[in-house]
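Below is one structure, written out as structure tokens; the observations come after it.
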Amino acid sequence: MTGRTRRLGVVAVAAVAALVVGQAGATAAPGDPGSPSYTQGSSGIGDAYFPLTGNGGIDVTHYDLTLHYTPPAPAPAPLEGALKATASIDLIPTRDLDQFNLDLRGLTATGVSVDGSPTSFTQVPNELVITPRPKLRANRPVKVVVQYGGRTTRPTDIEGALYGWVTTRDGAMVANEPEAAATWYPVNDHPLDKATYDFHVTVPQGLVAVANGRLLGQKTTRGWTTWNWDAPDKMASYLATASVGNFDLKKYTAPNGVPIIDAIDRDLDPTASAGLAQQGEMIVYFASLFGPYPFNSYGAIVDDDSLGYALETQTRPIYSLRARESTVAHELSHQWLGNAVSPGRWQDIWLNEGWATYAAWLWAEHDGGATTQSQFDSVMQAPATDPFWDLEIADPGAAHLFADPVYDRGGATLHALRAKVGSRTFFRIARQWVSRYDDSTATTEDFEALATEISGQDLEAFFDVWVHTTGKPTSW
Ligand code: TRP
Ligand code: ZN
């Protein structure tokens with residue numbers, strides 16, 4: 001996926017526009033009509049909610065991240081860590097490029113090379129701007145190595161919630177949704193550009209670094225331990241983690257063979273992780289509904305510090321202070337619904353949160369708790385005058401990505417769809433959704449088209465009422 005390119009006549013103006021306005025400029029090789037026309041990659045991938053997020057002109061295939069992290073000193077020292085890192089990034093230019101961007105903020109790049117040649121670069125807000133020489137040819141893969149580092153802090157999102165590389169007293173809680181991967185590595189920070197990952201995270205001996213995927217091993221030398229993790233399944237950048245803490249690692253296997261590693265902060269009471277007890281059964285149950293578990297491993301990170309929420313980091317969700325069973329079901333279901341199939345635009349967030357809400361209702365019912373119908377009924381109890389009905393969930397706005405209606409109206413939408421098309425058809429839609437868009441992204445329009453195709457029903461009015469307008473649905 002490439003960003004849009006706007007052709008501007010004056011090269012200097014184009015360069016300024018690329019950095020300031022977020023539009024790409026195009027630079028024809030001056031005075032040489034025979035030479036290829038190289039362009040600048042754009043500073044955004046085209047997401048309406050986050051204009052500088054992601055970049056145009058590149059397709060990253062793999063990130064190999066080597067991080068050396070020093071957590072804060074004991075209080076009253078400031079809650080700041082130190083990161084010194086190397087990102088080795090395999091990418092494919094999607095067009096001829098004389099300049100391209102990666103997203104990076106709050107950290108300083110000290111060196112960039114492309115295929116081993118040192119390359120000039122600059123940093124502007126949110127963007128690392130790289131000027132490779134020789135220029136890059138479309139479709140010819142290159143390896144970009146970025147040396148970088150700096151102080152780590154406690155970044156916050158547009159709603160004020162902690163996110164990104166959140167420095168804690170004994171390490172870091174790392175949760176990037178929607179666009180905070182850029183707070184800890186140079187990245188094409190949008191789900192449209194999924195990639196595979198390797199992590200090599202060095203922390204003071206005694207601490208544990210937990211990333212996505214499988215633990216390949218760890219090695220201690222002179223008081224520092226390097227933890228190596230391998231995440232070979234494609235992943236959106238908002239789902240990457242490399243959390244650091246005082247963790248105990250618990251290794252076991254789900255009944256269907258999925259290897260599980262839970263990382264639980266040693267300072268927490270055992271009740272904090274009691275909600276993890278049924279993870280294995282939950283994996284089997286969701287696999288029966290949505291298709292085979294999509295990744296090579298699973299597990300939880302439960303830290304003794306708080307982001308104020310949990311996140312479905314790929315293969316290894318992160319929980320703040322406590323992992324409740326309903327939240328555990330929610331984050332696990334995201335592995336199919338959000339992680340294997342990710343939103344094509346941030347405005348499609350209801351597809352993530354509505355599905356995970358509904359999946360947690362399904363688990364509760366399966367486990368002998370409240371029925372999905374009673375959960376639907378309790379959402380529909382809100383009177384038509386309640387501001388709950390004021391959000392158009394298929395376009396909630398960047399500041400309302402995680403607002404209650406995105407979750408609960410989203411879950412209710414899926415229950416209403418099930419009632420309309422019947423359970424058999426509904427779960428066929430769910431399985432097709434995951435298998436058709438696995439390792440990729442999809443939009444609300446894609447979901448409507450699939451539901452229409454599989455049910456054979458005209459669902460236009462249904463989706464208009466439930467997701468494309470405000471107001472309490474009364475008939476559909
Ligand atoms: N995606 C998370 C979940 O529902 C929620 C989330 C991410 C969130 N960032 C947030 C919730 C900020 C509140 C505030 O699993
Ligand atoms: Zn969720």
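All residue numbers refer to positions in the sequence shown, counting from 1. When a ligand or atom number is given, it counts from 1 through the structure's own listing order.
At distances below 3.5 Å, at least one donor-acceptor pair connects side-chain atoms of Tyr69 with backbone N or O atoms of Gly171. In this structure a side-chain-to-backbone donor-acceptor pair under 3.5 Å is present from Arg169 to Ala73. Remark: the backbone N or O of Leu239 is not paired with any side-chain donor or acceptor of Gln314 at under 3.5 angstrom.
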Counting only pairs under 3.5 Å, give me each side-chain donor-acceptor contact of residues 388-407, with atom names and distances, residues two or more places apart or in other chains.
residue, atom, partner, partner atom, Å
Trp389, NE1, Ala382, O, 3.1
Trp389, NE1, Pro383, O, 3.2
Asp395, OD1, Tyr49, OH, 2.4

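Side chains of Asp377 and Ser374: no donor on one and acceptor on the other come within 3.5 Å.
Applying the 6.0 Å contact sphere to CD of Glu460 captures no more than 12 heavy atoms from other residues, nucleotides or ligands.
Sorted by chain and number, the residues within 4.0 Å of ligand 1 by heavy atom are Asp157, Ala161, Glu177, Tyr309, Ala310, Leu311, Glu312, His330, Glu331, His334, Glu353, Phe402, Tyr407.
With sequence neighbours excluded, the residues satisfying ring pair (Phe, Tyr, Trp, His ring centres under 6.0 Å) with Phe376 are His415.
For the Zn ion (ligand 2), the neighbouring protein N/O/S atoms at less than 2.8 Å, given as residue and atom, are His330 NE2, His334 NE2, Glu353 OE1.
A distance below 6.0 Å separates the ring centres of Trp355 and Phe426. Aromatic ring centres of Phe199 and Trp227 lie farther apart than the 6.0 Å criterion allows.
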